[in-house]
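To keep things clear, I will list the structure first and then write my remarks on it.
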Amino acid sequence: MTKTSKIAVTLVLAGALVAAALLARHWVGGAPAGRAAGPSRGGELVATNRSEPTSFNRYTAVRSTDELISRLTQARLVRIDRTTDALEPRLAERWTVSDDHLTYTLFLRQGVQFSDGVPFTSADVVFSFQAAYDPSSQMAGELDVAGQPLQVTAPDDHTVVLTFPSVYAPGLRMLDGLPILPRHKLVAALREGRLGEMWGLATPPAELAGLGPFVLAEYTPGQRLVFTRNPHYWRRDAAGTPLPYLNRLVLAIVPDQNAEVLRLEAGQSDLMTSETRPEDIASFRDAAAAGRLQLVDVGVSRDTNLLWINLRPDAKLSPARRAWLQSEDFRKAISYAVDRQQFVNTVYLGAAVPIYGPVTPSFGGWYVPGLPTYPYDPARARALLAGLGLADRNGDGVLEDRRGDPVRFSILTQQGVDTRERAAAVIQNQLRKVGVAVDVVSLDQLALIQRFGTGDYEAMYFGVETTDIDPASNVAFWLSSGAFHFWNPGQPKPATDWEARIDELMRRQVTTIDLAERQQLFAEVQRIFAQHVPALYFAAPEVYVAMSPRVANATPVPARPQVLWNADVLAVKEGGAR
Amino acid sequence: MTTAHRRLIGYAVRRTAFALVLVLLVSSAALVLVDLAPGDVTAELFAAGLGPEAIARERHRLGLDRPLADQYVTWLGRAVRLDLGTSLRYQRPVRDLLGERIGNTALLGACALAVATLVGLPLGVVTGSRRGWLPRAVRAASLTALSVPPLISSLLLALLAARTGWFPVGGTGLAEAGPGALASAATVAWHLTLPTLALALPFAATIERLQSDATAAALAEPHIQAARARGVGDGRLVWRHALRPALRSVAAIYGIIIGTLFSGSFAVEIVTAWPGLGRLMYDALVSRDIYLVAGCAAAGSVFLAAGTLASDVALAALDPRLRQDAP
Amino acid sequence: MTRALGRLVVVLVVVAAAAAPWLAPHGSSDQFADYLNAPPMRLHLLDTGGRWHRPFVHPLRLVDRLESRYVEDDSRRVPVRWFAGGHLWSTDAPDAPLLLLGADRLGRDVFSRLLFGARASVGVALAGTLGALLIGVLVGGLAGYAGGLADELAMQAADFVLILPAVYVVLALRATMPLVLEPARIFVLIATILALVGWPMAARGVRAIIAAERRRDYAAAARSLGAGHLRVLVRHLLPAARGFLAVQATLLVPSFILAEATLSFVGLGFVEPTPSWGTMLYEAARNVRDLGAFPWLLSPAAAIVLVALAVQLATAGDTGSGLLWRAGPGRARNLQID
């Protein structure tokens, strides 16, 4: 068995696993449209998006809207199929791997043209890598392996050879994040060191060129982005019809979520680029039953929120407070004290599942059921707190430590994000019942991140998006030296034995090729994590995606952009005029 | 030209100079204060998954690693030449961003002003000159409207729109407008209804109350009473003789109303998702886009200062007593 | 008549705020997990069998959690207990709270929160208004009376404060303070900020009035009779501004109630367990569509309008609202950004 086919097999296996998990999801209302009759070309869909783009240059702009625009207007060498999480060919038709797993040879699709008609060759790929590693780019981190860049060469016009500095198990998965840019448009700017200034929002759309299904036709700040079909787009459907099906896709900028929902319900828009809020599910469900909307439960979210206590050695805490606040038993006591079902009911109106760790059931083969947990048990919470020398010494209902200081700490959370603020209020309420007083402080996102950066806080409730389920792409969270190792980031050397153990397992995990072995290693990582609970997880929401009945051929997924990740095959349902 | 005229012009010129200094002071203060506030624009990149090195690079690129005084002096040097710099978040000239939003806010403000005037003024004349159930009802409605802050009125109207679907909520509607200027105009007008009403309500009430009192006061003046005694009809008395003097009080606050309306309403623009100056200022503040914040503060304060100025000048022109000791 | 009514309402609100812990059936942050967004409960006297009882409620039973739909469980009667446990009224059963105005999204009793919120909101708004008027009278009075350079400087300062968006100041100021503040300290801070932000309009108006009155005969007469400057200002001139100040108060109180919520936006508002009307309203405003299904979440809006209206009515007769035009319809504009 060659290495290539072995990888193919593992990928197929992984894909099958996830596909099986995805089969469990169900359609809540409105049948999946447009499956029977082949979708027809033409028509327009309107999607609402809450924020403005910051640039049309994805290499310097990393916010979610910029990424969405890049997905619509540019193409990648390979793509992760969001429904199966398997790698699928895009601009690279196929690829081979050397025996030492260090060299990948990619064979590019022939006859592909940019939206301005210029042919796409391996020179564009080499250029894109150069641009990505340019100091002005924000891409480099995503394309580094163990801090080193890849070597890229092009033996001929349609072949690219990538050399990895060390064995990297996820392999080409990282290329899903690299849009291929037109060399002919940007190479001069790169040479002159002006790449960072290129393709700002003031750039006339005609100057942009891409390999994606759509081209930007119009940008009216504060109002909308209009995309039209890229006439040179290379993909065709099974029947040979050139994609995309849609003539136009409008991204209306609607900063307020209420307004977004009202527009969708009024039929002024067809979909939202974010998931449905828990409190909107009920009315969408009614609208779906009446045929006015499609509502899809796409499964458990991969983006989780977590509560962590500042474990940094430089945390500004008195020694007495540090003794209990940073202790493992205190975290376990919190876990025992919070009734996760009530958390689910209150924060997500029941549309969530209780969880105990960062890897939710929607992580396919990476999810490990039956890990050790510390479920709701106030008596055990009290016992653990008593073991830390915390007791209600003055009968006021709040525990005190040995010096008589109240057991009180503050949880910082993000202002304006309902689910986070509600979650903090629920945690506050439940901890009060075991005698722990919590002050909830809502800060705006930037102030919160600033506090995180300086380490000037006691506890935080926050979350980030997961881009890929492969744990190797989330090492910044798992490694003790990582920037997203929230409770104690950027450690020069692991502060605890178990963190050292996780570091070791993760390093092996990243460089191991065999998928089963990798999953075993990662299961061990999760087991250690679950034992020491450096961060507390309470619930992962069910993701619901709502669309107008006009939208056909959609395959919504839990991760953003839930519907538009597959924009080239979206279509308007027959007779679906607005 | 009379001495009084000259004095009035001198007063206006002096106040204008002061107002310009004021605008510069306010925008400077906004820039410095927001720069002092915790977090900067690059912190958002952390949430987008970027590591500390990449963020440090971005801070350097944006010049945020320079000392505050340094950044401020650079900005000031440009600002006096009317160059407001580049937005950190959008990477576009602040002037362009402001231009787009001022148009939207001005459109909304002009509509609200028109509605407030067309509703408030005639009603004020009626309530000021008549007795009976109608003026009393109008007065009660006015007092109620004055008690409803714009946040609450826009919430109620948005709720009404959501329940009935009579009006759209959110944006200008241009994103979905059909082709053609007429269709666009119709869509925008339809989308304007809600924010206009929310914004106009308290001002209509203010104008009604003022006009009512002023009309009543004017009708009590001896020369009007004399006209009445001569047998001048009631309608003519009210609309011809009393209206002009009574208009003065409304004219005097018109400047401030315009200034307030045109500097952008935060509450109304947020709830109704109208892409105006208030909304932009809020977004700039939240993302610590210091140059955009300073630009918004400048734009807002220009309108407000101009409004106050216009009011003061109108006041001085209308009331000689005040002009004598006008500062 | 209307004036008496206005005053009565103001007094009632103040009394209700003071007696909140006794009048409220529940604590302000007690969460009833099975009562999220629950509708107001009805007090019954008649049971299903047609028998009369002392006032009682039926507990609510959740029918659909996503919709927050409830039905009355009329198989159970929970009597209202009077004067028990330090509360005027309450229920005995922890699973059947007394929700006279329904519950909010976290299952907290809206009625109790409204009462407790009145302390924070009305208290801070009144204190802030008082402070703003005091500064306004001081600055405006002196400026109007002295004239000249002092006048000019004072009015420029007023314009500066009027135009400077105060949220920026508060945002920067907040960073210098500890993360967690005592409620009493928050109260003082907010009242101070409101006063510092709200005075310019009052000052402008007072100045205009004093400057005009100063030239009137009676002031000159008082002066020539040997009265000191301060005496003339306080005894003879300031009373002329009374009506204007009343109008200012009616404008400032409701705008300050909302401004408190704006301050919580930049991290300087009341936090749990101290509710305020402003923050309650902002929480409700997060989801406009929900308000249709759970209109009781709008009760803080009703309370704000009621108080504003009452303050207006209470001062209605002697406002001489014609004086309003001298100062304009300014609210705490720079704070509320509206």
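Reminder, nothing fancy here: chain letters follow the sequence lines and each chain counts from 1. These figures come from a predicted structure and were not determined experimentally.
Residues A:Arg432 and C:Ser29 are in side-chain contact: their nearest non-hydrogen atoms beyond the backbone lie under 4.5 Å apart. Side-chain atoms of A:Asp456 and C:Leu179, non-hydrogen and from C-beta on, never get closer than 4.5 Å to each other. Using a 4.5 Å heavy-atom threshold, the side chains of C:Asp30 and A:Asn429 count as separate.
Ranked by heavy-atom pairs under 4.5 Å with chain C, the list A:Arg277, A:Gln342, A:Gln257 is led by A:Arg277. Chosen from A:Asp339, A:Leu443, A:Val426, the residue pairing most often with chain C at heavy-atom distances under 4.5 Å is A:Val426.
Residues from residues 63-70 of chain C that place a non-hydrogen atom less than 4.5 Å from a non-hydrogen atom of chain A comprise C:Asp64, C:Arg65, C:Leu66, C:Glu67, C:Ser68, given in numerical order. The contact list for residues 100-110 of chain C toward chain A, using heavy atoms and a distance under 4.5 Å, reads C:Arg105, C:Leu106 by residue number.
In this structure, the separation between CD on C:Gln31 and CD on A:Gln428 is 7.5 Å, given to the nearest 0.5 Å. We find the CG-CD distance between C:Asn287 and A:Glu279 to be 5.0 Å, quoted to the nearest 0.5 Å. From A:Thr346, atom OG1 reaches atom CG of C:Leu36 across 5.0 Å, with rounding to the nearest 0.5 Å.
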Open item on the list: Walk me through whether C:Val271 and A:Val440 qualify under side chain to side chain contact (heavy atoms under 4.5 Å, CB included).
Closed with: CA-CA 7 Å; C:Val271 292; A:Val440 174; over 6 Å; no
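Neither the backbone nor the side chain of C:Ala293 comes within contact range of chain A, judged by heavy atoms closer than 4.5 Å. Heavy atoms closer than 4.5 Å to chain C are found in the side chain of A:Glu421, but not in its backbone. Neither the backbone nor the side chain of A:Val347 comes within less than 4.5 Å of any heavy atom of chain C. Contact of A:Asp418 with chain C is made through backbone and side chain together, with heavy-atom distances under 4.5 Å. Only the side chain of A:Asp286 has a heavy atom closer than 4.5 Å to any heavy atom of chain C. With a threshold of 4.5 angstrom between heavy atoms, A:Glu265 approaches chain C through side-chain atoms but not through N, CA, C or O.
No side-chain donor-acceptor contact under 3.5 Å links A:Asn345 to the backbone of C:Asp34.
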